[in-house]
Amino acid sequence: QVQLVESGGGSVQAGNSLRLSCAASGLTFSAYNTGWFRQAPGKEREFVASIWWSSSTTYYADSVKGRFTISRDNAKNTVYLQMNSLKPEETAVYYCAAGSNWNLARENRGYTYWGQGTQVTVSS
């Protein structure tokens, strides 16, 4: 079956960096767009970043532009999210997802497969 497994979360102080990874199995990874979303306590899951299957196009939420970088390695079936200059308000569970509708790349409904999430805690 399809599995997306996130790793790399943890606790950091504001201003520091983390790199999240998401390893995929059970699907033809190179055929799917992938995205990162996050959900803070009491809030809805929100879009963070997405990358087209060929890495030629990326989208970012305005709040993370210039600080976060999404990338992927199709040979390793892995997508990454480099997060720099983290802020306390970015404390959340971060999810990776895979989908095939690039027109919906910024929306939850654009993705078919989801990981279980990894906790990121940013302290001030």
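All of these numbers come straight from a predicted model, not from anything done at the bench.
In this structure, F37 has its ring center under 6.0 Å from that of Y111.
Annotation: ring pair (Phe, Tyr, Trp, His ring centres under 6.0 Å) contacts of Y32 (sequence neighbours excluded): Y113. For V120, the side chain to side chain contact (heavy atoms under 4.5 Å, CB included) test picks out L18, L20, M83, Y94, V122, with sequence neighbours left out. Listed by chain and number, the residues in a side chain to side chain contact (heavy atoms under 4.5 Å, CB included) with S54 are W52, S56 (sequence neighbours excluded). Listed by chain and residue number, nothing satisfies the ring pair (Phe, Tyr, Trp, His ring centres under 6.0 Å) test with F29 (two or more places apart in sequence, or in another chain). Every side chain to side chain contact (heavy atoms under 4.5 Å, CB included) that S17 has, sequence neighbours left out, goes to Q82, N84.
Residues R38 and S63 come closest through the heavy atom pair NH2-OG, 3.5 Å. Residues A92 and A40 approach most closely at CB-N, 3.8 Å, considering heavy atoms. In terms of heavy-atom proximity, F47 sits nearest to Y60 at CE2-C, 3.7 Å. Heavy atoms only, all atoms of each residue included: T78 and A23 are closest at OG1-CA, 4.1 Å. Between L27 and A98 the shortest heavy-atom distance is CD1-CB, 4.2 Å.
How far OG1 of T58 is from CG of N33: 12.0 Å, rounded to the nearest 0.5 Å. Rounding to the nearest 0.5 Å places OG of S30 at 7.5 Å from CZ of R72. Note that OG of S71 and CG of L81 are 8.5 Å apart. Values are rounded to the nearest 0.5 Å. Between the CD atom in Q39 and the CD atom in E44 there is a gap of 8.0 Å [rounded to 0.5 Å]. Here OG1 of T69 is found 14.0 Å from OH of Y80. Values are rounded to the nearest 0.5 Å.
Side chains of L86 and N16 form no contact here, defined as non-hydrogen atoms less than 4.5 Å apart. Side-chain atoms of S100 and W53, non-hydrogen and from C-beta on, never get closer than 4.5 Å to each other. I70 places none of its side-chain heavy atoms less than 4.5 Å from the side chain of Y59.
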Result block: side-chain N/O donor-acceptor pairs under 3.5 angstrom for residues 5-14, not counting sequence neighbours:
unit_1: E6; atom_1: OE1; unit_2: Q116; atom_2: N; d: 3.1
unit_1: E6; atom_1: OE1; unit_2: G117; atom_2: N; d: 2.9
unit_1: E6; atom_1: OE2; unit_2: C96; atom_2: N; d: 2.9
unit_1: E6; atom_1: OE2; unit_2: G117; atom_2: N; d: 3.2

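The backbone N or O of K87 lies less than 3.5 Å from a partner atom in the side chain of E90, making a donor-acceptor pair.
Around the CH2 atom of W114, the shell of radius 6.0 Å holds more than 12 heavy atoms that belong to other residues, nucleotides or ligands.
Connection of L4 to Y95 is not established within any shared hydrophobic cluster, with ILVMFWY side chains joined at heavy-atom distances below 4.5 Å, either directly or through further cluster members.
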